[in-house]
Number of protein chains: 4
Amino acid sequence: MIKAERKAQLLENARVVFSNKGYHKTSISDIINKSGVARGTFYLYFENKRQVFESVLDELFRDIGDCIKTIQLGKGHASPIDQLRNNVRSVIALLLSNPETTDLLLKHAFGVDPEFDEKLNQFYNRLAERLESSLQLGIAMGLLRKCDTQIVSFCIMGTIKEVVASCLSDVQYRGKDIDLIVDEVLNFGSRGLITSEYGNT
Amino acid sequence: MIKAERKAQLLENARVVFSNKGYHKTSISDIINKSGVARGTFYLYFENKRQVFESVLDELFRDIGDCIKTIQLGKGHASPIDQLRNNVRSVIALLLSNPETTDLLLKHAFGVDPEFDEKLNQFYNRLAERLESSLQLGIAMGLLRKCDTQIVSFCIMGTIKEVVASCLSDVQYRGKDIDLIVDEVLNFGSRGLITSEYGNT
Amino acid sequence: MIKAERKAQLLENARVVFSNKGYHKTSISDIINKSGVARGTFYLYFENKRQVFESVLDELFRDIGDCIKTIQLGKGHASPIDQLRNNVRSVIALLLSNPETTDLLLKHAFGVDPEFDEKLNQFYNRLAERLESSLQLGIAMGLLRKCDTQIVSFCIMGTIKEVVASCLSDVQYRGKDIDLIVDEVLNFGSRGLITSEYGNT
Amino acid sequence: MIKAERKAQLLENARVVFSNKGYHKTSISDIINKSGVARGTFYLYFENKRQVFESVLDELFRDIGDCIKTIQLGKGHASPIDQLRNNVRSVIALLLSNPETTDLLLKHAFGVDPEFDEKLNQFYNRLAERLESSLQLGIAMGLLRKCDTQIVSFCIMGTIKEVVASCLSDVQYRGKDIDLIVDEVLNFGSRGLITSEYGNT
DNA sequence: CATGAATGAGGGTTCATTCAT
DNA sequence: TATGAATGAACCCTCATTCAT
């Protein structure tokens, strides 16, 4: 087996067991047994347990970052609100199509060690900042009502995380139409955000 | 020291170290050292590590349950929407006034073991169900727009969890007016939920 | 068993196996098996393998330091040369009466890790410096011939170390009269080998 | 690269890393990385780690053996004492000109395994026996005073080992005139330290 | 009630050696 | 000859739990 394949295989198996048992309950034995590989082999491809874990999540971090497009103004581009919605849609779709890694991120990522906690916080903060920029743009253009963009960006993120998490835990959701879920989330968020003379205080 | 006091003291110290380091990184030594108590003494009051952890969270589960009031109809009661809002307000206030336990719940509760994961899921599902009932009531009364109440209840829970979590992580938030945060969350949620001829699709 | 006894027991067994197999070939299992104690027990008394090793040698370092008396001048004291000889005699006697630890020091002390190598060098250098002082005093008083005191102090130390080491390796030496050995070493150092009529430059 | 060259290259690199880190702290990786050679290649030239180590020292053993000349009597030869001195001089010069291997021998040779410890002891004992023969000859010829030749031969070896070791550890010695060191050692051994007027019995 | 010494299973990691290519 | 991926025994250390005092 060529090196890249073996590494991918180990990474894949690590991903699965990590998301089943969490970081601390997962042992190297779990990973290598699932991979049918000797103990030492694991350490040919990864420095240590912590590093595989980080690799698994780094992949997701990158993918999430990639599917969020900075909002583009001007003709030829969709409306900023639609672009924001598309970003939300992409992220949800990405998360739901990677159930194991997403579960890992949402349930087992904190508590690995202080450094990784910090890394996680930074990741979420970066996402929140990008969201805030979009919100501020929307407000400036009169498309969104005024609000505390910082808080609201966490509201949006929380909405996405929780809905996705519930889909992953709940077998009855699996296979349900993603678009339906996304629309519901978007409606929840957007009807609260769109400027309107008839909102309430 | 009388039995109940000692147990409370251990529980309190356990709460603090658990929330600082998470379940797996916390050792019995951490708890007994902080408590100035011998190793064996710990096991006089708790069956095992897992049980203290559960006790800590059970307290929070109970408190959260207690501050959610079932919506009452009829004269002499506030409007159902205000009652819903009050519930949200109470929960947020409770969580923010128990930062350590809340951090424990939000960041370190999953991954202890499969049974406890299940218990957590059930707790969240029960909350979601109570929320759903309220939402269905609001819709039936024409106060809220039609929506997938299951999804929306997770949206609301996610909003609360994430905003609270961000407050706990972010020092700049600490001391900020809780009401301000609560209002922002309520506005985010309610303007999206109130029936309105002028909402967007 | 009281704490001090258990620690002494472990230290004693560690001393023996270390001197038999050297630091790297000795495993914690060797020490605990010899002690009839569980693995964890070892770590109740010592931080790690390295620390026991260091404890064993620290004891010897201290004893060696203690049996070297700074040379005293004036009436009521033996002649400086006799004091120097007494120091040599004491050290040799000490080393021969602690064969295991001495073997450990002479054969297995280097190579544990860079920090310990440095500590060892410092120990030997301190000894050499004390020897040098004595030599310089002897020269100043006209009792000893002029020489490079630094080199000569290592000559003396080497003489002692090698003779002691050979005694420890060689079963036929065991039990031989220590005084005989000491005298031979002292004669070697003080008179040299050349027959007096034929002294050279 | 021809076989002999490759083997020499590996041996040379092994020598360097062994003397830097000692036997146990040196890994095969250290040797092959330094040599730019694959892991398997190492085992084409040496049976195992232990064997390389032995090869490195065997070379030194041979060189040491070679530079000690059996004392020749009769006209046309230098005086036996000068021949003995020349042997000492040659050995010291050899050791100081091979600092790495010498360090390896003096600090890291014991403790590899019981068999090698035995081999080392035999090597030193053989040297001691050759020294003893010379000493006995010198005594028989009235050139040297009577003494316990066994002990004295270890005194001489210890003197040489320790002085050489101190030169290798101590940077200030490096580059110092070898002859100066050798003379000091020879003087120590032949004349001792006591000023001639006050020789003792 | 309280203590804390003792336990030992279990986890992460290293590394000399092998062998198919 | 040369390679380097694979192996797996062995090692150090941790820590939840027990129990004699």
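Note on naming: letters A, B, ... go to the chains in the order of the sequence lines (proteins, then strands), and numbering restarts at 1 for each one. These values consider heavy atoms only, across backbone and side chains, with no hydrogens, waters or symmetry-generated copies.
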task: Taking the six-membered ring for Trp and the single ring otherwise, decide whether the centroids of A:F116 and A:F53 are under 6.0 Å apart.
output: yes

- prompt: Expressed in angstrom and rounded to an integer, what is the separation of B:N33 atom CG from F:dC15 atom P?
  reply: 12 Å

- prompt: Between F:dC11 atom P and C:H24 atom NE2, what is the distance in whole Å?
  reply: 14 Å

message: Closest approach to the side chain of C:K3, judged atom by atom: which nucleotide of E:dA5, F:dT1, F:dT3 is it?
response: E:dA5

F:dT3 OP1/OP2 closer than 4.0 Å to side-chain N/O of D:T41: yes

- prompt: Taking only Watson-Crick and G-U wobble pairs with both distances under 3.5 Å, what dot-bracket line describes DNA chain E, where [ ] shows pairs that cross earlier ones and | shows pairs with another strand?
  reply: .||||||||||||||||||||

statement: Taken to the nearest whole Å, CZ/A:F42 to C1'/F:dA6 is 15 Å

task: Please state how far atom CD1 in C:I2 lies from atom C1' in E:dA5, giving the value in whole angstrom units.
output: 13 Å

message: Under 6.0 Å from the ring centre and within 45 degrees of the ring axis: does the NZ or CZ of C:K7 meet both conditions for the six-membered ring of C:F46?
response: yes

- prompt: Is any side-chain nitrogen or oxygen of C:Y43 closer than 4.0 Å to OP1 or OP2 of F:dC13?
  reply: yes

query: Taking NZ from C:K49 and P from F:dC13, how many angstroms apart are they, rounded to a whole number?
result: 8 Å

message: I'd like to know if the side chain of B:E100 and the backbone of B:N20 have a donor-acceptor N/O pair within less than 3.5 Å.
response: no

message: From C-beta outward on D:R39, which listed nucleotide comes closest to its side chain: E:dT18, F:dT1, F:dC12?
response: E:dT18

- request: For the side chain of C:Y45, starting at C-beta, report the closest nucleotide among F:dC13, F:dA16, E:dA6.
  value: E:dA6

query: Do A:E5 and A:Q9 have side-chain atoms, one donor and one acceptor, less than 3.5 Å apart?
result: no

- prompt: Atom CD1 of B:I31 and atom P of F:dC15: how far apart are they, to the nearest Å?
  reply: 13 Å

query: Quick one: which of F:dA5, E:dT14, E:dT3 gets closest to the side chain of B:A38?
result: E:dT3

Touch class at under 4.0 angstrom, heavy-atom based, for C:I28 against every strand present: sugar-phosphate

query: Start at the 5' end of DNA chain E and walk down; is the nucleotide closest to D:T26 or to A:Y23 reached first?
result: A:Y23

message: Looking only at the side chains, is there a donor atom on one of C:N13 and C:S35 sitting less than 3.5 Å from an acceptor on the other?
response: yes

- prompt: Within 45° of the ring axis of D:Y124 and under 6.0 Å from its six-membered ring centre, is that where the NZ or CZ of D:K161 lies?
  reply: yes

message: Heavy atoms from C-beta onward define the side chain here; which of E:dA6, F:dT3, F:dT7 lies closest to that of D:V37?
response: F:dT3

- prompt: Taking for each residue the nucleotide of DNA chain E with the nearest heavy atom, is it A:N48 or B:G40 whose nucleotide lies nearer the 5' end?
  reply: B:G40

- request: Find the distance A:K7:NZ to F:dA6:P and express it as a whole number of Å.
  value: 13 Å

message: Using whole Å, what does the distance between atom P of nucleotide F:dA5 and atom CD1 of D:I32 come to?
response: 11 Å

field: Residue pairs involving residues 38-48 of chain C (criterion side chain to side chain donor-acceptor pair (under 3.5 Å); sequence neighbours excluded)
entry: C:S29-C:R39

query: Considering only E:dA2, E:dT18, F:dA16, which nucleotide approaches the side chain of B:R6 most closely?
result: E:dA2

B:S27 backbone acceptor or donor facing B:D30 side chain under 3.5 Å: yes

